[in-house]
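Pasting a structure here, questions to come.
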Amino acid sequence: MEKSILVHLATNKKEKTEAEESMQELKGLAHTAGAQVIGETYQFRTKISPKFLIGKGKVSEIIRLKEETQANLIIFDHDLRPIQQQSLEDEIQTKVIDRTQLIFDIFAQRARSKEGKLQVELAQLNYLLPRLLGKGEALSRLGGGIGTRGPGEKKLEEDRRRIQDRIAKIKKEILKIQKRRANQRERRKKSPIPVASLVGYTNTGKSTLFNYLSKEKIFTSPHLFATLDPILRRVSFSDGLYFFLSDTVGFIKKIPVELVTSFRATLEELKEADCILHVIDINTPNYESQVEAVETTLSEIGVHDIPVIKVFNKVDLLPNNKELLAKNNRSNYQFIHISAKTGAGIQSLKELLRATLFKNLEIFYLRIPESKRELIHSFSKWTVILKKRENGDFFELKILADPNSILNYMPYIKRGEKNW
C-alpha cells in the first residue's frame with residue numbers, strides 16, 4: 001500500500017469553503033485506489049504558480065512532510081499541467097499525480113466488462129496524448145543543442161503514433177458494442193415495458209437499492225465507484241406487473257472530461273428511460289452540492305423531460321427518520337425517503353414507481369376464441385402479457401395496455417375478472 005500525502009489548493013472563497021469536503025472525497029478516492037493517507041496539506045492562493053501550481057514554500061513543506069512520514073506518493077486535488085507535474089516530481093523527488101489520474105486508476109481497477117475496460121483505456125490515452133505532444137513540442141522549440149540530439153524526438157513521435165493508432169482501434173471496437181446496445185434499445189423501445197434508471201453520486205447506495213428491488217446480489221462496497229458497468233434487471237410487482245431497472249456508474253464532482261466523453265454512450269442510455277430515480281445520501285453533509293453535480297452531468301448529456309424521483313436514502317442513519325418516512329404519504333411525486341439497507345420506505349417507493357411508470361396503462365382481461373388465436377401473437381408488440389392460460393376452447397389473458405390501443409379488441413374483454 002503506497003503512503004500518500006494529499007494536497008488541496010483553493011483559489012477563491014468558494015473553493016476555500018468547500019476545501020474540507022473536497023479533501024474528504026479525495027481521501028475516499030485514495031483509499032479506494034489502495035493508498036494509505038498519512039498526511040494532508042492545504043493552501044489558499046489566488047494566483048496559480050505556472051511551475052508548481054502551489055507556492056515554493058508549500059513545496060518545501062511537502063518535502064519535509066514526505067521525509068518525516070516516508071511517503072512515496074503525492075496526490076493533488078487539482079488538475080496538473082505536464083510541466084507542473086514534472087517540476088513537482090523533480091523538486092520533491094517522488095511520484096506526483098493529480099485527481100484525474102487517481103480517478104482513472106480506480107476506473108481501471110473496477111471495470112469488468114469488455115466495454116468498460118475499453119472506455120477506461122480510451123479515457124486514459126486521450127488524457128496522455130496531449131502530455132506526450134507537449135513534451136515533443138518543448139524539445140522541438142529548443143531547436144537542437146545539447147540534450148536534444150539523437151532518438152529523443154523520434155521516440156516521442158513513435159509513442160504518439162502508437163497511442164493514436166490504439167485510440168482509433170478502441171473507438172472502432174466501442175462503436176461495434178454501441179451498435180449492439182443501440183439495437184437492444186430499439187427492441188426495448190418497441191416494447192411497452194417501461195424502464196427506470198438509477199442515477200446518483202458515487203457511494204449513495206444505488207447498488208444496494210438495485211439489489212433490494214431486483215432481488216439480485218450485485219457487488220456493493222463502501223468504496224467509491226463500486227459499479228461501473230451498466231446492469232439491467234426485471235422488477236416484478238405482486239400482481240405480475242413488471243418493469244426493467246438499470247444501474248450504472250456513479251457521478252462525482254470534477255469528473256474528468258475524458259471519462260465523460262468515453263462513457264457518454266453508456267450514460268446516454270438514461271435518455272431512453274421512462275423514469276429516473278436520483279438516489280441521494282441524505283446523511284452526507286452538504287448533499288445539495290452532490291445533487292447539483294449529478295444534475296449538471298445529466299444536463300450535459302441531454303437528459304431532459306423525463307420524470308425524476310429524488311430518493312433520499314440512508315434515513316436509518318438519522319434520528320428523525322420516522323418523521324421523514326411519514327412524508328412519503330404526502331409525496332408530491334418528486335421525492336421519497338427510504339433506507340435501501342433496512343427496507344424502510346421501499347414499499348412507498350414501489351407504489352410511486354408504479355404510478356409513474358404505468359400512469360397511462362391499464363390492466364385488461366381478455367377471452368380469445370381458439371379460432372382467433374393468431375391475435376395473441378401480435379399482443380407482445382404493443383402490450384405486456386402478464387398471464388395467459390387455456391380454458392376449454394378459449395385463451396384467457398391478463399394484459400397491460402394503453403386503453404386507446406385496446407379498442408379493436410373490445411368484444412373479447414371480460415369485465416371484473418379478479419380470479420387470477
Side-chain angles (χ1 to χ4, degrees), residues 178-179 181-202 204 206 209-210 213-214 227 230-235 237 241-253 255 257 259-282 287-313 327-328 330-338 348-362 381-384 400-405:
Q178 289 173 354
K179 285 181 178 178
R181 193 182 295 280
N183 290 334
Q184 292 171 350
R185 281 202 304 267
E186 284 300 314
R187 288 197 296 269
R188 287 204 302 268
K189 284 169 69 175
K190 292 176 182 178
S191 168
I193 303 170
V195 176
S197 292
L198 290 167
V199 303
Y201 210 76
T202 184
T204 55
K206 291 190 297 87
L209 178 58
F210 183 91
L213 290 172
S214 65
T227 303
I231 306 167
L232 189 72
R233 293 292 185 271
R234 174 172 163 164
V235 178
F237 294 96
L241 196 61
Y242 65 94
F243 65 94
F244 287 117
L245 181 67
S246 70
D247 186 20
T248 188
V249 61
F251 298 169
I252 195 169
K253 295 176 195 169
I255 190 165
V257 65
L259 280 176
V260 174
T261 302
S262 295
F263 278 81
R264 179 173 291 274
T266 302
L267 293 173
E268 283 185 345
E269 289 207 7
L270 294 170
K271 294 194 291 188
E272 307 299 329
D274 298 284
C275 175
I276 288 177
L277 298 177
H278 182 176
V279 183
I280 301 161
D281 181 357
I282 197 173
Y287 63 79
E288 294 90 349
S289 61
Q290 295 186 354
V291 171
E292 183 182 353
V294 173
E295 291 177 343
T296 299
T297 305
L298 289 176
S299 178
E300 288 174 354
I301 61 178
V303 177
H304 305 293
D305 303 322
I306 298 174
V308 176
I309 300 173
K310 289 185 177 179
V311 183
F312 293 95
N313 190 26
K327 288 184 179 180
N328 291 345
R330 304 190 298 274
S331 173
N332 60 359
Y333 279 31
Q334 294 178 346
F335 70 89
I336 200 159
H337 299 86
I338 68 156
S348 297
L349 173 60
K350 291 185 74 172
E351 291 171 4
L352 183 52
L353 267 172
R354 185 183 183 116
T356 304
L357 293 172
F358 301 101
K359 61 182 179 181
N360 296 321
L361 303 177
E362 295 181 18
K381 297 178 181 179
W382 56 273
T383 185
V384 182
L400 183 75
D402 185 328
N404 294 322
S405 62

*Drop me the distance from Ile282's CD1 to Asn313's CG, to the nearest 0.5 angstrom.*
9.5 Å
*Determine whether Val199 and Leu270 make a side-chain contact, defined as any pair of heavy atoms from C-beta on separated by less than 4.5 Å.*
yes
*Do you know which of Pro307, Ser197, Pro194 makes side-chain contact (heavy atoms from CB on, under 4.5 Å) with Asp274?*
Pro194
_Would you say that Leu209 contacts Leu198 through its side chain, given a criterion of any heavy-atom pair below 4.5 Å between the two side chains?_
yes
*What are the two closest heavy atoms between Lys271 and Ile306, and how far apart are they?*
O-CD1, 3.6 Å
*Could you check if a side-chain atom of Leu400 sits within less than 4.5 angstrom of a side-chain atom of Glu362, using non-hydrogen atoms only?*
no
_Side-chain heavy-atom pair Leu241, Arg354 within 4.5 angstrom cut-off_ = yes
*Leu353 versus Leu277: any side-chain heavy-atom pair under 4.5 Å?*
yes
*Side chains of Ile338 and Ile336 in contact at under 4.5 Å (non-hydrogen atoms)*: yes
*Classify the ring geometry between Phe243 and Phe237 as parallel (under 30°), tilted (30 to 60°) or perpendicular (over 60°).*
tilted
*Mind checking whether Val291 and His278 have side chains closer than 4.5 Å, heavy atoms only?*
yes
*Rounded to the nearest 0.5 Å, how far apart are CD of Gln290 and OG1 of Thr204?*
7.5 Å
*NE2 on His304 to OG on Ser299, rounded to 0.5 Å*: 4.5 Å
*Kindly give the heavy-atom pair with the smallest separation between Ala196 and Leu357, and that separation in Å.*
CB-CD1, 4.3 Å
*State the CZ-CG distance between Phe312 and Asp281, to the nearest 0.5 angstrom.*
11.0 Å
*Atom pair CD/OG1 of Glu292 and Thr297 - distance to nearest 0.5 Å*: 10.5 Å
*side chain to side chain contact (heavy atoms under 4.5 Å, CB included) between Arg233 and Leu245, worked out*: CA-CA 5 Å; Arg233 293 292 185 271; Leu245 181 67; 5.5 Å; no
_Do Ile276 and Ile309 have side chains that approach each other closer than 4.5 Å (heavy atoms only, starting at C-beta)?_
no
*Can you tell me how far the CG atom of Leu232 sits from the OG atom of Ser246, to the nearest 0.5 Å?*
6.0 Å
*Taking the six-membered ring of Phe244, is the NZ or CZ of Arg234 close enough (under 6.0 Å from the centre) and on axis enough (within 45°)?*
no
